[in-house]
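Order of the sequence lines fixes the chain letters, A, B, ..., with proteins taken first and strands second; residue numbering starts at 1 for each chain.
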Amino acid sequence: MASALRPITPPPALAPPAKPAGAKQPPRLPSHLFHHPSFLLLEMCATAAEVRQILPLVIKHGLYGEYNYQTKLLGLFSRFGCSGEAALVFDSVEAKNDELFHTVLKGHAKGSSLEAALAFFTDMRCARVRPVVYNFTYLLKACGDNSDLRWGRDIHGQLVVNGFSDNVYAMTAVVNMYAKCRQIDEARKMFDRMPERDLVAWNAIIAGYAQNGMAEKAVEMVSRLQEDGQHPDSITTVAVLPACADIGSLRLGKSIHAYGIRAGFASLVNVSSALVDMYSKCKAIGTARLVFDRMKVRNVVSWNSMIDGYAQAGNAEAALRLFKKLLGEGIKPTDVTIMAALHACAELQDLEEGKRVHELLLHSGLASDVSVLNSLIAMYSKCKRVDAASEVFATMQSKSLVSWNAMISGYAQNERPDDALNLFRKMQQQSIKPDSFTIVSVIPAVADISVLRQAKWIHGHAVRLNLDKNIFVLTALVDMYAKCGGLHLARKVFDTMRERHVTTWNAMIDGYGTHGLGKDAVKLFEEMRSSPVQPNDVTFLCVLSACSHSGLVDEGRKIFATMKRDYSLEPSMDHYGSMVDLLGRAGGLQEAWEFIEKMPIEPGISVFGAMLGACKIHKNVELGERAASKIFELEPDDGGYHVLLSNIYATASMWEDVARVRNMMEKKGLQKAPGCTYIELKNAVHTFYSGMTNHPQSAKIYAKLDEIIDDIKAVGYVPDTNSIHDVEADVKEQLLNTHSEKLAIAFGLINTSPGSTIQIRKNLRVCGDCHNATKYISQVTGREIIVRDMQRFHHFKDGKCSCGDYW
DNA sequence: GTCCTTTCCG
């Protein structure tokens with residue numbers, strides 16, 4: 001547009017002859033001659049800057065005093081939110097007639113702010129100008145667009161006072177306003193009160209239902225309008241198609257498509273775009289693409305519908321391909337385009353592509369769009385770049401609730417639970433009220449910290465916010481309680497739920513599994529099979545790992561077989577890994593190896609990893625070496641697997657091989673993640689590393705540990721020094737005795753009252769000697785000790801562990 | 001001159 005304005009000199013043929021300085025003004029044009037080029041240019045203006053560019057031309061030709069020009073300029077300035085300039089023009093008009101007031105009001109209502117429109121409306125009433133119907137329709141539209149229910153009601157009241165309550169136009173606007181302000185029942189009430197309803201009124205109520213999540217009602221109203229003797233038009237179609245998508249009824253969507261074809265408007269851009277959207281939301285992405293490809297005319301909404309359709313369907317590659325095609329065709333992306341592209345980058349965890357979209361966004365004029373920036377936060381978080389996300393969050397000029405939620409979720413997903421919780425507190429300090437998304441984002445952070453007291457604290461928040469009926473919140477609570485050691489609380493929440501998602505069942509089954517209650521996991525899985533919700537691929541991972549942790553080999557085998565047979569689910573690499581774990585852990589190393597050889601897909605790292613772990617438990621050097629060599633081919637730089645292999649050698653006292661692996665690690669610069677154990681005490685989480693002496697209570701802790709070790713030795717504890725070499729026997733013992741698990745337990749014993757449960761968390765797998773020692777400690781102290789490690793829970797009580805020493 | 005399609009955080 002700006003470039004179209006560059007030659008602001010009118011064409012010579014129409015330009016008035018140049019006048020020497022001091023010559024008298026050109027004669028005023030009669031008002032019907034407003035087709036002067038400058039008037040046309042004004043009509044083309046899309047920004048205030050463009051109007052200002054043309055204004056000198058208007059003045060130069062003495063047209064500024066023309067009534068038509070004044071009206072036009074007023075309309076433009078008020079539309080572009082330039083109230084000062086609008087007031088200037090307005091004041092310069094000598095004889096202000098009603099029409100002038102109406103034009104200005106329209107401008108304000110259509111383009112600039114609702115406040116400006118309302119203020120002007122008040123001025124207009126003060127000037128005793130009689131309002132007309134479309135004053136109200138414009139004002140109501142502005143109220144609806146701003147979701148301003150209070151002013152909407154006010155204007156509705158004034159409309160009634162002025163006697164327009166039987167006017168179809170006015171009442172349609174009222175219906176629309178209430179629907180946009182999410183007062184769909186009130187909208188319906190007004191609709192029912194209308195003395196007569198034209199198609200536009202019907203369309204308004206249909207769209208209202210569709211936009212308020214009442215898809216069935218929207219569909220019902222389409223039937224009613226036909227009973228009323230009217231015929232749905234293209235707008236009806238466009239309004240009701242999102243409702244079909246909402247219901248997920250392809251059949252219904254197709255019948256509307258067919259109607260559109262019969263009625264001859266199926267190929268309109270808006271209808272086709274809505275069809276693309278409907279088909280992709282009804283999981284018929286191929287049909288969506290077919291409709292899209294057949295479109296003769298497409299607008300950016302058509303592209304957005306298709307791109308987002310792919311992104312939502314999980315076909316991120318196709319989404320990005322189409323996004324690039326859109327850019328290639330020179331179409332200007334909108335906020336929705338960018339959001340869909342970012343969504344696809346997040347899904348693929350494609351940071352480089354994500355950065356390119358970010359770059360594009362900076363030059364697109366959408367750089368301060370809150371929704372787009374929220375998507376950017378999500379994209380960086382999913383690509384494991386939470387610091388980049390946090391930078392976006394910090395520099396946003398305005399934030400919405402979604403921004404806070406996205407950032408909290410980003411921290412929670414990236415193992416930064418403390419940052420997630422701090423942000424959750426901060427938003428409340430700023431009086432921003434959390435919603436169900438916030439709670440669902442914070443809960444995994446609490447689960448990560450694994451402190452039951454905090455779990456109850458966040459649950460309390462959910463209750464106070466009245467969000468404890470939300471199925472997503474409840475599912476997150478089930479998962480969290482299980483991960484915080486409160487398995488019975490998880491089940492309690494689970495049992496109160498009237499509706500459950502597949503993820504709800506998965507969380508509970510996995511909870512039983514990680515707590516070593518394999519039989520309960522299988523039982524719940526059977527219950528699920530006869531429930532309305534059917535298992536998915538994740539369900540099988542949960543139940544198979546539950547079987548594995550409890551040694552339920554036959555059950556696991558049977559369940560694995562049902563996967564494909566009963567549910568047509570193709571086992572993934574992780575499922576095969578679970579099966580190898582199940583067989584191998586139970587001692588069937590040969591069977592596990594044969595299972596790997598018979599796999600229909602090329603076995604990957606998770607499969608050999610499970611094999612290696614089983615070899616460690618059952619001290620099988622030969623198969624362990626074979627599994628390890630496969631792993632090092634696939635992933636040469638993982639420290640954890642090197643340590644596992646070296647431990648297998650150590651258990652077999654093959655010290656030269658231990659040294660060889662350690663050497664290899666050193667050469668590759670690999671390190672074993674340092675083991676550490678967390679324990680919470682009075683709102684603070686204490687972290688212990690092996691051998692650390694810089695804790696304030698170190699002296700007391702080591703003294704307590706000495707005392708305890710003596711006690712447990714007296715009842716039969718023998719330190720397992722097998723895996724240590726090259727040092728004297730007493731040093732070996734000393735090394736074992738300073739493991740982080742033991743330090744944390746000693747700390748717990750000192751600082752908690754006798755008889756209370758001690759709960760700790762280890763970042764890696766719990767060590768064999770510590771596991772054994774903890775059993776004895778539970779016996780001699782009469783304490784219950786709950787240990788969460790990387791994989792599962794161990795409940796120690798009266799000298800026994802819930803895992804049955806099988807982990 | 002009133003009605004409509006694509007949207008971020010589980």
**Message:** In terms of relative ring orientation, are Phe136(A) and Phe121(A) parallel, tilted or perpendicular, with 30° and 60° separating the classes?
**Reply:** perpendicular

**Request:** Determine which pairs satisfy salt bridge (charged side-chain N to carboxylate O under 4.0 Å, His left out) with at least one residue from residues 466-482 of chain A, sequence neighbours left out, and list them in order.
**Result:** Asp479(A)-Lys483(A)

**Asked** Asp435(A) near the nucleic acid: base, sugar-phosphate alone, or nothing, with a heavy-atom cut-off under 4.0 Å?
**Response** nothing

**Request:** Compare every heavy atom of Arg298(A) with every heavy atom of Phe292(A), then report the nearest pair and how far apart it is.
**Result:** O-NE, 3.0 Å

**Asked** Taking the six-membered ring for Trp, are the ring centroids of Phe323(A) and Trp303(A) within less than 6.0 Å of each other?
**Response** no

**Request:** Mind running a 4.0 Å heavy-atom check of residues 376-405 of chain A against DNA chain B and sending the residues that fall below it, in number order?
**Result:** Ala378(A), Lys382(A), Val402(A), Asn405(A)

**Prompt:** With respect to Ile256(A), which candidate in Leu241(A), Thr236(A), Val219(A) satisfies the side-chain contact (heavy atoms from CB on, under 4.5 Å) definition?
**Reply:** Leu241(A)

**Strand-adjacent residues in residues 473-483 of chain A, judged by heavy atoms under 4.0 Å from DNA chain B** = none

**Request:** Kindly confirm or rule out a cation-pi arrangement of Lys110(A) over Tyr138(A), judged by NZ or CZ under 6.0 Å from the six-membered ring centre and within 45° of its axis?
**Result:** no

**Message:** Between Arg182(A) and Gln211(A) (side chain of the first, backbone of the second, donor and acceptor by atom type, cut-off under 3.5 Å), is there such a pair?
**Reply:** yes

**Prompt:** Which part of the nucleic acid, if any, lies within reach of Thr137(A) when heavy atoms closer than 4.0 Å are counted: base, sugar-phosphate only, or nothing?
**Reply:** nothing

**Prompt:** Aromatic ring centroids of Trp404(A) and Phe424(A) under 6.0 Å?
**Reply:** no

**Message:** Any donor-acceptor pair under 3.5 Å linking the side-chain atoms of Thr334(A) with those of Thr337(A)?
**Reply:** yes

**Request:** Determine the interplanar angle of the Tyr134(A) and His102(A) rings, folded into 0 to 90°, and report it as parallel if under 30°, tilted if 30 to 60°, perpendicular if over 60°.
**Result:** perpendicular

**Prompt:** Does anyone know the first and last nucleotide of DNA chain B in reach of chain A, 5' to 3', at under 4.0 angstrom to a heavy atom?
**Reply:** dG1(B) to dG10(B)

**Prompt:** Do Asp335(A) and Ser371(A) have side-chain N/O donor and acceptor atoms under 3.5 Å apart?
**Reply:** no

**Asked** Under 4.0 angstrom, heavy atoms only, what part of the nucleic acid is Lys106(A) near: base, sugar-phosphate, or nothing?
**Response** nothing

**Option passing side-chain contact (heavy atoms from CB on, under 4.5 Å) with Met124(A) (candidates Val104(A), Asp98(A), Asn135(A))** = Asn135(A)

**Asked** With a non-hydrogen cut-off below 4.0 angstrom, is Ala173(A) in contact with a base, only sugar-phosphate, or nothing?
**Response** nothing

**Asked** In residues 300-315 of chain A, which ones come under 4.0 Å of DNA chain B, going by heavy atoms?
**Response** Val301(A), Asn304(A), Ser305(A), Asp308(A), Gln312(A)

**Item:** For Arg193(A), all residues meeting side chain to side chain donor-acceptor pair (under 3.5 Å), sequence neighbours excluded
**Value:** none

